[in-house]
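One structure is given below, encoded as structure tokens.
Counting starts at 1 for both ligands and their atoms, following the listed order. Residue numbers start at 1 and run along the sequence shown. Keep in mind the model is a prediction, meaning the values are calculated, not measured.
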Amino acid sequence: MANRNAADIRNIAICGHGSTGKTTLVDHLLEKTGAVKSAGSVDEETSVCDFDDVEKTHKYTVEASVVHFDHDGKRFNVIDTPGYPDFIGQTIGALNGVDTAAIAIDAHVGIAVNTRRVFAEAGKLGLGRMIVITKMDSDNIDFPALIGSIQEMFGEGCLPINLPIGCGADFKGVVNSLDESADGAGTLLDLAEIREALIEKIVEIDEAVMEKYLEGTPPTEAELSLLLVEAVAAGELIPIACVSTKQGLGMDELLDVWDRCTLPADKLVRKAFDADGNEVEVTPTTDGPMVAHVFRTRIDPFVQKLSFVRVHAGKLHRDDSVHVSGARKNIKIGQLLTTQGGHTEPVDEVGPGDIVSVAKMEDLHTGCSLGPLTFPDIKFPTPMVGLAVTPKSRGDEGKLSGALHKIVEEDPTFHVDHDKQTKELVITGMSELHLQIIRERLLHRDKVEINTHDPKIPYRETIQATAEGKYRHKKQSGGRGQFGEVHIRMFPLPEGTDIEEFATKQRFPSMRSYHYDADHNFLWVDSIVGGTIPTNFLPAVEKGFKERLNRGVIAGFMVQNVCVEVHFGKHHPVDSSEAAFKTAGSMVFRNVFQEAKPSLLEPIVTLHVTVPGDNLGDINSDMSGRRGRVLGMESAGGDLQTVIAEVPLAEVTTYSRNLSSITGGRGSFTMDFSHYEVVPGNVQKDIIEKATLHEEEDES
Ligand SMILES: Nc1nc2c(ncn2[C@@H]2O[C@H](COP(=O)(O)OP(=O)(O)OP(=O)(O)O)[C@@H](O)[C@H]2O)c(=O)[nH]1
Ligand SMILES: [Mg+2]
């Protein structure tokens, strides 16, 4: 395994919309290449990839699954990803481990919401992309129209690298469009025309070859095969292959296409940062230092935590001592395992370009970099659909919290927080379905049953005006007293403000220093003159502010977009203490905040809603009833249209049900967090009334 050359490794994520036959295809490729004895089946719950109990119950993929096979002297690491947009986090993680995205499109259904989403995500990462048209045996396939809509949506570079002969019950297989000796009889598009278009696209990548071609000399076979990969790597060519897994047709040719068109693991140039923060290119050399990236984490009931790692350079061995981004000390690498879905097999080392999982490493998390370089953060979407949860049985609190934290490790689009106000646990995911699946996982894997309560919207508190004030905390009850007085000015700090530009002497003439907290977009300016608050008490004042930022003032939500200048105070040589200044900090923050036109912010999400043309009117009027803004409309292929709208999250927490009733189940949508906006006055009043504020506790 150690001697495998990066040029002989192909890392491919198979992705696309739900139920396009991705998992079935991977199961059959595993059998075809001899990696497993007989093909698993999603429908019969024997799939190698959909091995999890929850996946078996639902018969669809929920988690990315890493498998591998050898073909034609090359190692193919394939990641089967979920097609439902609710689990997009799994797909994004997987795309960070591979070089090529193979995007499945159901021949009968055509382009769907998640097709576009994964196409764009793979493009952002600069991966090679190809399309696999599946289920060629289905009825009612209009192949030329399908290719037309793919080209309309994703560009003229999408060209069939193999062409189907017949379709539906008459599907007879495919021919290689580049093969000059191929027989074009019965192909669904003209073989000669497609070959010419393909060759033109491929030679465009090399000026000299193109010039020769225009002068009448066709490229040699060697030139074609070299430039084919170049064209895919550059995103100029997106080859389209066609299969029917059910009939076993087009499968050998698909392997051949993967062999010829997907990028070898040494092709894609990765960017990372060195210790000084300079951007560097990572090349997959064997002898240099080991550089790797964790793109996925899975908690396995048997081997416990598995961290899936893409090795980009050097070799990774079991027992190596490795630097990990975010950890202070080097860590010792545990057991290395290759995975075939849920099955694992130990290996001693892996070389550049390969994928492996490392067992039981507490210090490794999704997104971590191993070795001297740091990879850019993996950008996962922000989950927004929240539910308060409690365990069904009293006494299961500890078990529930442990189980939830395991899921947080595995799923970067799932968060768990403590609601400061109600003291409840709040779980947040991408959608109702996502949270439902997590609920099932808790039951199956961790044997914890939960009750769910109201959906939680992560509102925020902020201010709209400037205000100032002071607070004196004084207590004298026998023995040593407590004394601390803090004077502040408070300013709105709009999101995106350039902090260095904002924190200037011009604005704050006596400024000594400032601290910035990006989580809350909170700026704290120290303008204390003459030690009116002794420097050793300032951290306590800051603690008081921080506590307020987390606990809120008007309705118990987190505070953001605020600047506080501490400019004066009073202390007592005996009675002043950290506790006294912390309380004074928290109280002055609360009082001044209330004077500074406090208001609530609410999350706004972007919806892409894809529906048949006849439903457009209903969708648009429903949006305006939800305080939504329609930003535009796009054709989604066939008679489908996509409406793009911005809507307050609070209005769409149960949108899947509404959409289903409007469209009779024919609509689909994706939802992404966009930004925060001020809640309109009337709505705000209701939210504040509902949020029962706890009594202020004096911490003396
Ligand atoms: N007619 C036909 N049906 C197929 C074919 N391939 C898969 N199917 C069926 O399509 C359904 C969905 O297949 P999956 O392989 O689970 O699809 P998927 O793309 O992995 O779905 P997600 O995991 O939800 O994204 C199953 O019932 C399969 O039996 C095919 O080539 N032809
Ligand atoms: Mg699947």
Student check: side-chain heavy atoms of Ile79 and Val98 closer than 4.5 Å = yes

query = Between Thr606 and Asp672, does any side-chain donor sit less than 3.5 Å from a side-chain acceptor?
reply = no

inquiry  = Less than 4.5 Å apart, side chain to side chain, heavy atoms only: is that true for Thr100 and Leu268?
reply    = no

key: Closest approach of any protein heavy atom to atom 14 (P) of ligand 1, naming residue and atom   = Thr24 OG1, 3.5 Å

query = What residue and heavy atom of the protein are closest to atom 25 (O) of ligand 1, and at what distance?
reply = Lys22 NZ, 2.6 Å

request  = Starting from atom 20 (O) of ligand 1, find the nearest protein heavy-atom neighbour and note its residue, name and distance.
outcome  = Thr23 OG1, 2.7 Å

Parallel, tilted or perpendicular: rings of Tyr655 and Phe669 (30°, 60°) = perpendicular

message = Students should be able to answer this: which protein heavy-atom is nearest to atom 21 (O) of ligand 1, and at what distance?
response = Ser19 N, 2.9 Å

message = Show me which atoms of ligand 1 lie under 4.0 Å from any heavy atom of Asp137.
response = 1 (N), 2 (C), 30 (C), 31 (O), 32 (N)

key: For Thr245, atoms of ligand 1 separated by under 4.0 Å from a heavy atom   = 31 (O)

request  = Check whether any heavy atom of Ser138 sits under 4.0 Å from an atom of ligand 1.
outcome  = no

request  = List every atom of ligand 1 that sits less than 4.0 Å from any heavy atom of Ser244, numbering the atoms from 1 in the order shown and giving each element.
outcome  = 31 (O)

remark   = Per-atom filter on ligand 1: closer than 4.0 angstrom to a heavy atom of Gly83 are 22 (P), 25 (O)

Arg75 to Phe69 six-membered ring, cation-pi geometry met (6.0 Å, 45°) = no

task = For residues Met671 and Met430, determine if any side-chain heavy atom of one lies less than 4.5 Å from a side-chain heavy atom of the other.
result = no

remark   = Looking only at protein heavy atoms, what sits closest to atom 17 (O) of ligand 1 is Gly21 N, 3.0 Å

note = Candidates Thr20, Asp43, Val42; heavy atom nearest atom 26 (C) of ligand 1 found on Asp43

message = Classify the ring geometry of His434 against Phe87: parallel below 30°, tilted from 30° to 60°, perpendicular beyond 60°.
response = perpendicular

message = Suppose I only count heavy atoms of Tyr84 and a 4.0 Å limit; which atoms of ligand 1 are within that range?
response = 24 (O)

ask   = Looking from the Mg ion (ligand 2), what is the angle between OG1 on Thr23 and OG1 on Thr61, to the nearest 10°?
value = 90°

query = Is it the case that Asp50 and Thr61 place a side-chain donor and acceptor less than 3.5 Å from each other?
reply = yes

key: Distance-only side-chain donor-acceptor flag, His58 / Glu440, under 3.5 Å   = yes

ask   = So which bit of Thr134 gets within less than 4.0 Å of ligand 1, heavy atoms only: side chain, backbone, both or neither?
value = neither

ask   = Do you see an N/O/S atom of Thr81, backbone or side chain, under 2.8 Å from the Mg ion (ligand 2)?
value = no

Metal check, the Mg ion (ligand 2) vs Tyr60 N/O/S, cut-off below 2.8 Å = no

inquiry  = With heavy-atom distances below 4.5 Å as the criterion, would you say the side chains of Lys32 and Asp252 are in contact?
reply    = yes

request  = Step by step, work out the salt bridge (Lys or Arg N to Asp or Glu O under 4.0 Å) result for Arg260 and Asp256.
outcome  = CA-CA 6 Å; Arg260 289 183 297 137; Asp256 179 48; 3.3 Å; yes

Residue Thr61 vicinity, atoms of ligand 1 by number, heavy atom under 4.0 Å = 20 (O), 22 (P), 23 (O), 24 (O)

message = Can you confirm, on distance only, whether ligand 1 has an N/O atom lying under 3.5 Å from any N/O atom belonging to Tyr60?
response = no

task = Determine whether His343 and Val48 make a side-chain contact, defined as any pair of heavy atoms from C-beta on separated by less than 4.5 Å.
result = no

remark   = min-distance protein heavy atom vs atom 10 (O) of ligand 1 -> Lys135 NZ, 3.0 Å

